[in-house]
**Q** 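Let me begin by handing over the structure; questions about it come next.
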Amino acid sequence: MADVSENPTPKRSGVEIVKENSRYLRGNIVAELNDGTDHVSKDSYQLLKFHGTYQQEDRDARKNRDKTGLAKHTIFMVRCKIPGGKLTAEQYLALDQLAEHHANKTLRLTTRQGIQFHGVLKKDLHATIRGINETMLTTLGACGDVERNVMCTAAPIRDGLREQVQAAADAIATHLAPRTRAYHEIWLNGKQWHEGNGASDDEEPIYGKTYLPRKFKTGIVLPDDNDVDIYAQDLGFVAIVEDRQIVGYNVLVGGGMGMTNGNPNTFPFLARPICYIPAGDIVRMAEAVVKLFRDHGNRADRKRARIKYVVADWGVPKFKSVLETYFGERLDDPRPVEIRPMQLRFGWHAQGDGRYFYWVSVENGRIKDEGDFRLRSALRTLVQRFRPNLRITPTQDLILCDLPPDARSDIETTLRSHGVRTPQELTLVQKLSMACPAIPTCGLAISESERALPGIIDQLEAELQRLGLNQEEIVVRMTGCPNGCARPYQSDIGIVGRSGDKYTLYVGGRLLGDRLNFLLCDLVPSHRIVPILVPLLEAYRQQRQSGEGFGDWCTRLGPERLRALLPEGVANAPHSPAAAS
Ligand code: SRM
Ligand code: SF4
């Protein structure tokens with residue numbers, strides 16, 4: 001086992017000081033919530049993340065502000081942490097009403113099986129967060145330098161295995177939830193903390209006063225259904241199944257997508273297999289990895305503060321050896337296991353217990369009513385009628401579960417009468433695509449994403465149809481900046497905001513998510529994206545080998561041969577995140 005006495009990073013970033021002085025995430029939040037303004041200070045902005053909310057600016061209104069000189073329009077995003085994306089009908093209906101009364105009347109399903117509210121005003125933050133807690137959900141730790149929402153395989157097949165991974169996700173989420181009472185004081189019971197009334201070091205036995213160096217994300221999958229993108233997780237557990245029982249898990253560490261333009265020390269990275277553990281040790285292992293990260297993550301430079309950089313810098317043998325000291329035992333090598341892509345189960349399917357589920361494809365996770373498209377009303381009607389349990393998928397979709405055998409036609413009629421296309425009426429490329437929110441809410445967005453992808457998909461659908469490629473599983477993911485919130489660096493086609501209306505195009509990933517894509521060309525205006533891809537798709541159609549996906553074909557050809565197929569004058573750039581894989 002390795003010596004862990006080496007000194008962790010001595011320098012500390014400003015956020016570390018804010019955390020340390022915050023008295024377990026209290027800071028000045030209460031006073032600032034009541035100060036009559038529409039915003040909070042920089043320190044409270046940092047601390048509020050741990051409570052599940054981000055101060056944002058409405059960036060559409062910002063354009064007006066420049067012209068009129070009006071003050072900026074401050075809004076808040078509130079994120080619910082929902083392990084495995086599992087909700088009851090009552091919870092869904094309550095969230096739908098919170099969106100109506102306190103947010104922008106939309107619900108946003110996230111790429112980590114959570115739900116976000118956008119456009120919440122400061123005066124409504126308390127009622128929103130309290131309302132979420134009244135449904136027995138929480139926002140605590142949905143953001144911030146702690147364990148984030150724990151993901152797990154979503155499809156509600158009653159095979160005994162999925163129930164086990166959900167139970168494991170719940171157990172990890174509970175064990176790694178922040179223990180500070182600040183959340184209850186501020187949002188729930190109103191009692192103030194003061195020196196000497198009991199908040200002490202033992203309130204955060206796992207995290208300590210300064211919590212983690214950065215966010216930390218965990219996912220659990222069954223190997224035949226990698227819907228959670230296990231290779232993108234800081235910590236991934238892959239179930240090892242014998243005789244229809246989960247006997248243990250392979251532990252993968254170090255996945256992450258984010259990178260910063262012009263900073264080659266930052267890069268997307270795929271999680272590496274580290275070891276195997278018996279099933280009963282999953283919570284203990286999660287705690288061990290979190291503690292290792294707590295002590296060895298970079299607390300000086302937040303851009304390099306993820307566990308992927310510990311794995312990349314140390315390599316797997318050293319990482320495993322240090323992990324053994326945290327786990328307290330020697331660790332076995334990972335077991336051989338074949339991980340397969342997510343199973344596509346859109347629409348109506350048997351659960352295996354006499355009941356059915358219906359997987360609704362939600363474009364970019366946005367549940368809204370807009371003109372003739374009234375998805376939010378349709379879902380509310382269906383949830384009120386059938387009282388299903390629900391699952392949010394890692395692909396920003398919603399599954400209505402536990403339905404009676406005769407519900408299908410009612411569901412499809414309701415969707416259609418609300419202007420919502422059923423999954424059979426949508427193309428595969430749309431169902432497999434994802435975009436992050438970006439503008440107007442995300443303060444880090446450089447370019448449009450959620451609002452831009454539908455138009456790009458429309459063009460791509462037409463080309464795929466023309467080329468007879470519409471049944472191919474081509475995954476398109478778009479983000480408004482390189483942070484990678486829709487996991488674009490694992491997809492067949494990744495579109496990443498670069499500068500205003502210009503994007504970097506990546507190709508070469510696939511649905512399985514086990515391979516980073518590579519940079520094809522840079523600074524592409526949005527209207528040129530599909531025309532640039534068309535020659536590649538044409539060549540793919542002619543040259544592909546049997547069963548070869550588009551990303552596989554791109555990888556076989558490599559960047560140079562692909563670039564030779566591009567129209568004249570398309571800008572290339574040397575740096576590719578695949579270099580870090
Ligand atoms: Fe993310 C920051 C939205 C999943 C990597 N992410 C943000 C913020 C909070 C912007 C900010 O810091 O000011 C975005 C809020 C936008 C808005 O208006 O809502 C944001 N991230 C999202 C969501 C909503 C995207 C979506 O389309 O669903 C996802 C919420 C998940 C959840 O329920 O918890 C979301 N973010 C991800 C993922 C995917 C995943 O976890 O599987 C990633 C890539 C994996 C990873 O963590 O590396 C991701 N988000 C980032 C990063 C880059 C972090 C890094 O260390 O490289 C940032 C920037 C940051 O943290 O400073 C970020
Ligand atoms: Fe914002 Fe960038 Fe994440 Fe998109 S990828 S939500 S633009 S941080």
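All values below come from the heavy atoms of this structure, side chains included, with hydrogens, waters and symmetry mates left out. Just follow the structure's listing: the first ligand is 1, and inside any ligand the first atom is 1.
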**Q** Heavy-atom distances under 4.0 Å decide this one: backbone, side chain, both or neither, for Ala435 against ligand 1?
**A**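 Backbone only; the side chain of Ala435 stays clear of ligand 1.
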**Q** Does ligand 1 have an atom that lies less than 4.0 angstrom from a heavy atom of Lys303?
**A**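 Per 4.0 Å heavy-atom rule, Lys303 does not contact ligand 1.
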**Q** Would you please say whether a donor-acceptor pair under 3.5 Å links the side chains of Tyr207 and Asp145?
**A**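 Side chains of Tyr207 and Asp145: no pair found under 3.5 Å.
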**Q** What is the closest protein heavy atom to atom 39 (C) of ligand 1, and at what distance does it sit?
**A**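 Result for atom 39 (C) of ligand 1: Cys485 O, 3.3 Å.
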**Q** Is there a heavy atom in Leu444 that sits closer than 4.0 Å to ligand 1?
**A**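 Distance cut 4.0 Å: Leu444 passes for ligand 1.
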**Q** Does ligand 1 have any atom sitting under 4.0 Å from a heavy atom of Ala486?
**A**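 Contact check Ala486 vs ligand 1: negative.
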**Q** Closest non-hydrogen protein atom to atom 58 (C) of ligand 1, residue and atom name please, with distance?
**A**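 Answer, as residue, atom name and distance: Lys215 NZ, 3.3 Å.
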**Q** Tell me whether the centres of the aromatic rings in Tyr489 and Tyr506 are closer together than 6.0 Å.
**A**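 Yes, they do, as the ring centres are separated by less than 6.0 Å.
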**Q** Ion pair present between Arg214 and Asp234, side-chain N to carboxylate O less than 4.0 angstrom?
**A**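 No, this pair does not count.
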**Q** In terms of residue, atom name and distance, what is the protein heavy atom nearest to atom 57 (O) of ligand 1?
**A**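 That would be Gly258 CA, 3.0 Å.
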**Q** Quick check on contacts: which atoms of ligand 2 are under 4.0 angstrom from a heavy atom of Ala445?
**A**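 Result: 7 (S).
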**Q** Quick one: are the ring centres of Phe76 and Tyr54 less than 6.0 Å apart?
**A**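 Not under 6.0 Å, so no.
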**Q** Which part of Cys442 is near ligand 2, with near meaning a heavy atom under 4.0 Å away: side chain, backbone, both or neither?
**A**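 The side chain, only.
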**Q** Starting from atom 56 (O) of ligand 1, which protein heavy atom do you reach first, and at what distance in Å?
**A**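 That would be Arg306 NH1, 2.9 Å.
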**Q** Return yes or no for this condition: an N or O of Arg148 is under 3.5 Å from an N or O of ligand 1.
**A**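 In fact, backbone or side chain, Arg148 has no N or O that close.
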**Q** First locate atom CZ of Arg108, then atom CZ of Arg79, and finally report the distance between them rounded to the nearest 0.5 Å.
**A**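 One finds 10.0 Å between CZ of Arg108 and CZ of Arg79.
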**Q** Among the heavy atoms of Met434, does any lie under 4.0 Å from an atom of ligand 1?
**A**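 Outside the 4.0 Å threshold, so no.
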**Q** Thr441 to ligand 1: N or O pair under 3.5 Å?
**A**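 Checking ligand 1 against Thr441, an N or O pair does fall under 3.5 Å apart.
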**Q** Starting from atom 42 (O) of ligand 1, locate the nearest protein heavy atom and write down its residue, its atom name and how far away it is, to 0.1 Å.
**A**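 Nearest neighbour among protein heavy atoms for atom 42 (O) of ligand 1, to 0.1 Å: Arg487 NH1, 2.6 Å.
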**Q** Can Gly484 be said to touch ligand 2, with heavy atoms closer than 4.0 Å?
**A**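 A heavy atom of Gly484 does come that close to ligand 2.
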**Q** Any side-chain heavy atom of Gln55 within less than 4.5 Å of one from Lys49?
**A**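 The answer is no; the side chains never approach within 4.5 Å.
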**Q** Give yes or no for whether the N/O distance cutoff of 3.5 Å, strictly under, is met between Gln396 and ligand 1.
**A**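 Such a contact does occur with ligand 1.
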**Q** Answer yes or no: does an N/O atom from Met257 fall short of 3.5 Å to an N/O atom of ligand 1?
**A**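 It does: an N or O of Met257 is found under 3.5 Å from an N or O of ligand 1.
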**Q** Between Lys81 (side chain only) and Gly52 (backbone N and O only), is there a donor and an acceptor less than 3.5 Å apart?
**A**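 Such a contact is absent between Lys81 side chain and Gly52 backbone.
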**Q** Regarding Cys436, does it place an N, O or S atom less than 2.8 Å from atom 4 (Fe) of ligand 2?
**A**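 Given the 2.8 Å cut-off, Cys436 counts as a ligand of atom 4 (Fe) of ligand 2.
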**Q** At less than 4.0 angstrom from any non-hydrogen atom of Thr479, what atoms of ligand 2 do you find?
**A**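 Within the 4.0 Å cut-off of Thr479, ligand 2 contributes 5 (S).
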**Q** Under 4.0 angstrom from ligand 1, any heavy atom of Arg79?
**A**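 Contact present.
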**Q** Which of the atoms in ligand 2, numbered in the order shown and given with their element, are less than 4.0 Å from a heavy-atom of Gly480?
**A**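 In order of numbering, the contacting atoms are 4 (Fe), 7 (S).
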**Q** Is there a donor-acceptor contact under 3.5 Å linking the side chains of Asp43 and Ser41?
**A**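 Distance-only check fails for Asp43 and Ser41.
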**Q** Determine if the distance from atom 8 (C) of ligand 1 to the closest protein heavy atom is below 4.0 Å.
**A**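 No; the ligand atom in question lacks any protein heavy-atom contact below 4.0 Å.
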**Q** Only one of Thr479, Thr395, Asp229 forms a side chain to side chain donor-acceptor pair (under 3.5 Å) with Arg487, so which one is it?
**A**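 Result: among Thr479, Thr395, Asp229, Asp229 is the only option passing the side chain to side chain donor-acceptor pair (under 3.5 Å) with Arg487.
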**Q** Side chains of Thr393 and Gln113: donor-acceptor distance under 3.5 Å anywhere?
**A**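 Looking only at side-chain atoms, Gln113 and Thr393 do not form any donor-acceptor pair under 3.5 Å.
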**Q** Mark yes or no: Arg376 above the aromatic ring of Phe373, with NZ or CZ under 6.0 Å from the six-membered ring centre and no more than 45 degrees from the axis.
**A**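 Not satisfied by the 6.0 Å and 45° rule.
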**Q** Which of the numbered atoms in ligand 2 are below 4.0 angstrom from a heavy atom of Pro437?
**A**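 With Pro437 as reference, the close atoms of ligand 2 come out as 6 (S).
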**Q** Looking just at side-chain N and O atoms, do Glu57 and His73 make a donor-acceptor pair shorter than 3.5 Å?
**A**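 Result is no, nothing qualifies.
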**Q** Please list the nearest protein heavy atom to atom 49 (C) of ligand 1 with its residue and the distance rounded to 0.1 Å.
**A**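 Among all protein heavy atoms, the one nearest atom 49 (C) of ligand 1 is Lys217 NZ, 3.4 Å.
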**Q** Atom 3 (Fe) of ligand 2: which protein heavy atom is closest, and how many Å away?
**A**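 Sorting protein heavy atoms by distance from atom 3 (Fe) of ligand 2 puts Cys485 SG, 2.3 Å first.
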**Q** If you measure every N or O of Asn483 against every N or O of ligand 1, does any of those distances drop under 3.5 Å?
**A**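 Asn483 vs ligand 1: no N/O contact under 3.5 Å.
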**Q** Compute the shortest N/O to N/O distance between Tyr45 and ligand 1 and return yes if it is under 3.5 Å, no if not.
**A**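 Min N/O separation from ligand 1 is not below 3.5 Å for Tyr45.
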**Q** Report the nearest protein non-hydrogen atom to atom 29 (C) of ligand 1: residue, atom name, distance rounded to 0.1 Å.
**A**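 Heavy-atom neighbour on the protein nearest atom 29 (C) of ligand 1: Thr111 OG1, 3.4 Å.
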**Q** Whether the Asp522 and Thr504 side chains hold a donor-acceptor pair (N or O, under 3.5 Å, no angle test) is what I'd like checked.
**A**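 Result is yes, a qualifying pair exists.
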**Q** Identify, by atom number and element, the atoms of ligand 1 in contact range of Cys442, meaning under 4.0 Å from any of its heavy atoms.
**A**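 Once the distances to Cys442 are compared, the set is 10 (C), 16 (C), 18 (O).
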**Q** May I ask whether Arg302 places a heavy atom under 4.0 Å from ligand 1?
**A**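 Not so, Arg302 does not reach ligand 1.
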**Q** So which protein heavy atom does atom 60 (C) of ligand 1 come closest to, and at what separation?
**A**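 Protein heavy atom at minimum distance: Arg214 NH2, 3.4 Å.
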**Q** Ion pair present between Arg179 and Glu204, side-chain N to carboxylate O less than 4.0 angstrom?
**A**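 Looking at Arg179 and Glu204, the cut-off is not met.
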**Q** Any side-chain heavy atom of Ile392 sitting closer than 4.5 Å to one from Ile115?
**A**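 Counting from C-beta outward, Ile392 and Ile115 do come under 4.5 Å.
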